[in-house]
Amino acid sequence: MLRIGVIGAGDVARKLYLPGIHNPDAGVVLQAVCDLVRERAEAVAKEFNGQSVYTDAATMLEREELDLVFVLTPLLTHPPIVRQVLQFGKHCYSEKPLTLSRREADELMELADQNKVLLLCAPIYPLLPTVQFIRQIIVNGALGKVAFARAHSSHGGPERGTFHTDPGGYFLSEKSGPYVPLYDMGVYALTLLTYVLGSVKRVFAMAGIAIPERRIEKVTEPGFAPYTIKLTTRDNGFVLLDFGDGCFAAVDASFCMRYNRVPSYEFYGSHGSLTADLWRDEIWLVSEVEGFHHPEGWYRLELPDEVKERERKLWGDSRPTMGLRVVEHFRQCLAKGGLSPIHVSRARHVVEVMEKALLALETGKVQEVESRLDG
Ligand SMILES: NC(=O)c1ccc[n+]([C@@H]2O[C@H](COP(=O)([O-])OP(=O)(O)OC[C@H]3O[C@@H](n4cnc5c(N)ncnc54)[C@H](O)[C@@H]3O)[C@@H](O)[C@H]2O)c1
C-alpha cells in the first residue's frame, strides 16, 4: 500500500491533488493531512478520507509511516518544509516554485541524494501526454532547426478567481517575492520550454507594477469580506531566454492579461511552426519536412492512438487530477528508476533561470545561467 501524506490543505490540495487519491483498491491511502489551520486539515481529511490530522509537519513526519509526502503550501514556504521531509528520509513532491535561489535548490537536491529519496517538483507539464507529444514532434525534426519560441504564461491576476485561500499575499513582495507572476506563472513556461528546448544559457527580464491597486473579491473561505490591496510586488513583465546556437524564446509572466485569444505556446523553425493551446489540448503544425508535411499547410495534430489508449486504460474517460498523475508517475519511478522529467534537477535549473531573471531586472544586464539539464 502506498501511504500519502499532505502538508498544506488549501485550495490546490482540495481541487487538484486530493480528489480520488485515497483508493485502497488501487493500493493508495491518504494516510495523513497536515495544515497549520486545524479546521482546514480536518475538513480536508473528512472530505478525502484522510486517516489522521496534524497541525505540525514535524510531528506528522515523525509519527506516520509515509511513502510520499506532497508539499502544497504557499509560494515561499517550500524550502524549509521540503528540507524537513527529506531529513525524515521520505520521498517528496513539492509544488512550485521549489525555492527562489539556486543555492537552496542545490542544497535540497543534495539532501535528497544523500538520503536516497526522490524529490519531484511541479509543474508536472513533462508528464502530460500533450506536452510529451509536442516535444517528440520537435525533437523528431518537424520544424527543422528551432529558432524562436514564444510562451504566454500569464493571467489577469488571482484577485477575482476562486483559487488560493486568500490571494492577497500574491501581491506583496514580503510574502511572495519581488516579481510574483514569474514564480507563480512564468515557472510553467520555463518548465515546458526547457523540457522541449533544453537548458537556458542566458536570460534577460523586464518587469514593473502596471495595476498598483487590486480589489480582492473572491476567496474560498467562509465569512470573507472584500478588500483593496496596494501592490508591493511587480505584477507585469517578460523574460527573454537564450538557448544557445541562435535559439531564443520570449515568455510573458504577468497578472495583467485578463483576456487572450492566442495559443499559449508557439515554436518557429527553419522548416515549420507549431502552436499549442494546452487548455484545449490543441496542437497545430505546418511543416515542409517529409513525414510531417501536409498539402493544406497548417493542420491540427491528434495525440497518437497508442497514447490515447494508454491514457484510457489508466484513467477511463475522465481527466486525472495532478495528484493522481504524480502518484502514478512516482510508482513508475520506483519500479523502473531512471531520471524523472520532473526530477528536482529541472526545478533547480528553472529556479536558477528565475533567480538570474531577477538579477537582470536589478542590473539591467543579461545574465549567464550556469546549471545544465541532463540529456
Ligand atoms: N490554487 C491553485 O489554483 C494552484 C494551482 C497550481 C499550483 N498552486 C500552488 O500550490 C501551492 C499552494 O497554493 P494554494 O492556492 O493551495 O494556497 P492556499 O493558501 O490555498 O493553501 C496553502 C495551505 O498551506 C497551509 N500552510 C502554510 N504553511 C504551512 C505549514 N508550515 N505547515 C502546514 N500547512 C501550512 C495554509 O494554512 C493553507 O491552508 C502554491 O505553491 C501554489 O503556487 C496553486
Side-chain angles (χ1 to χ4, degrees), residues 5-19 32-45 47-48 50 52-62 64 66 69-85 87-88 92-100 120-125 127-128 153-172 175-177 179-192 216 218-222 224 233 253 255 278-279 321-323 325-326 342 347 350-351 354:
V6 170
I7 304 174
D11 188 60
V12 84
R14 287 196 310 267
K15 284 192 199 142
L16 303 181
Y17 285 94
L18 297 185
V33 177
C34 171
D35 197 290
L36 292 177
V37 181
R38 174 167 286 282
E39 302 79 64
R40 232 174 261 165
E42 282 173 350
V44 160
E47 187 174 353
F48 300 105
S52 51
V53 165
Y54 292 87
T55 52
D56 173 57
T59 312
M60 177 184 95
L61 294 164
E62 205 171 277
E64 298 285 347
L66 299 169
V69 178
F70 284 82
V71 175
L72 307 177
T73 55
L75 285 185
L76 301 192
T77 61
H78 303 146
I81 302 177
V82 169
R83 188 177 300 118
Q84 216 168 28
V85 174
Q87 279 164 344
F88 274 92
C92 182
Y93 168 86
S94 171
E95 249 303 337
K96 47 78 184 170
L98 177 66
T99 63
L100 289 197
L120 304 174
C121 303
I124 64 159
Y125 273 176
L127 303 184
L128 302 182
S153 223
S154 301
H155 57 54
E159 71 271 31
R160 296 194 294 187
T162 49
F163 37 78
H164 311 306
T165 306
D166 181 353
Y170 278 69
F171 297 113
L172 301 176
K175 282 207 171 164
S176 308
Y179 173 20
V180 181
L182 179 62
Y183 328 116
D184 186 39
M185 294 306 298
V187 64
Y188 288 102
L190 295 175
T191 301
L192 190 145
I216 311 294
K218 272 190 197 167
V219 295
T220 50
E221 292 287 273
F224 164 79
T233 185
F255 285 162
L278 295 186
W279 296 110
T321 61
M322 297 213 286
R325 264 204 204 280
V326 171
I342 58 164
V350 167
V351 161
M354 295 193 290

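Numbering of ligands and ligand atoms starts at 1, following listing order.
Between the side chain of Ser153 and the backbone N or O of Ala189, at least one donor-acceptor pair lies under 3.5 Å. Formation of a donor-acceptor pair under 3.5 Å by the Tyr183 side chain with backbone atoms of Met354 is not found in this model.
The distance from ligand 1 to the heavy atoms of Tyr170 drops below 4.0 Å at these ligand atoms: 42 (C), 43 (O). Residue contact check: Arg40 has heavy atoms under 4.0 Å from atoms 36 (C), 37 (O), 38 (C), 39 (O) of ligand 1. Close contacts between ligand 1 and His78 involve ligand atoms 41 (O) [criterion: under 4.0 Å to a heavy atom]. Atoms of ligand 1 found under 4.0 Å from any heavy atom of Ile81, numbered from 1 in the order shown, are 30 (C), 31 (N).
When heavy-atom distances to ligand 1 are checked against a 4.0 Å cut-off, Tyr188 comes that close only through its side chain, counted from C-beta outward. Of all the heavy atoms of Ile7, the ones lying under 4.0 Å from any atom of ligand 1 belong exclusively to the side chain. For Asp56, no heavy-atom contact with ligand 1 is shorter than 4.0 Å. Proximity of Tyr183 to ligand 1, defined as any heavy-atom pair under 4.0 Å, is not found for any part of the residue.
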- Steps toward side-chain contact (heavy atoms from CB on, under 4.5 Å) verdict (Met60, Gln84): CA-CA 11 Å; Met60 177 184 95; Gln84 216 168 28; over 6 Å; no

- Message: Asp184 vs Lys96, test: side-chain contact (heavy atoms from CB on, under 4.5 Å). Steps then yes/no.
- Response: CA-CA 7 Å; Asp184 186 39; Lys96 47 78 184 170; 2.7 Å; yes

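In this structure, Tyr17 does not count as a contact residue of ligand 1, since none of its heavy atoms falls inside 4.0 Å of the ligand. At a 4.0 Å cut-off, at least one heavy atom of Pro74 sits close enough to ligand 1 to count as contact. A heavy-atom separation below 4.0 Å is not found between Arg14 and ligand 1.
In the candidate list Met322, Glu95, Lys96, Lys96 is nearest to atom 43 (O) of ligand 1, counting heavy atoms. Here atom 37 (O) of ligand 1 lies nearest to Asp35 when heavy atoms of Val180, Asp35, Thr73, Thr77 are compared.
Here Tyr170 contributes atom OH and Glu159 contributes atom CD; the two are 13.0 Å apart, rounded to the nearest 0.5 Å. In this structure, CZ in Phe70 is found 11.0 Å from OG in Ser94, a value given to the nearest 0.5 Å. Between atom CG of residue Leu18 and atom CD of residue Glu47 there is a gap of 8.5 Å, rounded to the nearest 0.5 Å.
Taking Ile81 as the reference, Ile7, Val71, Thr73, Thr77 meet the side-chain contact (heavy atoms from CB on, under 4.5 Å) condition, with sequence neighbours excluded. Partners of Glu42 by salt bridge (charged side-chain N to carboxylate O under 4.0 Å, His left out), not counting sequence neighbours, listed by chain and number: Arg38.
Using the six-membered ring where Trp is involved, Tyr93 and Tyr17 have ring planes that are tilted, between 30° and 60° apart.
Of the N or O atoms in Asp11, one or more lie within a sub-3.5 Å distance of an N or O in ligand 1. Annotation: Val12 places an N or O atom under 3.5 Å from an N or O atom of ligand 1; distance criterion only.
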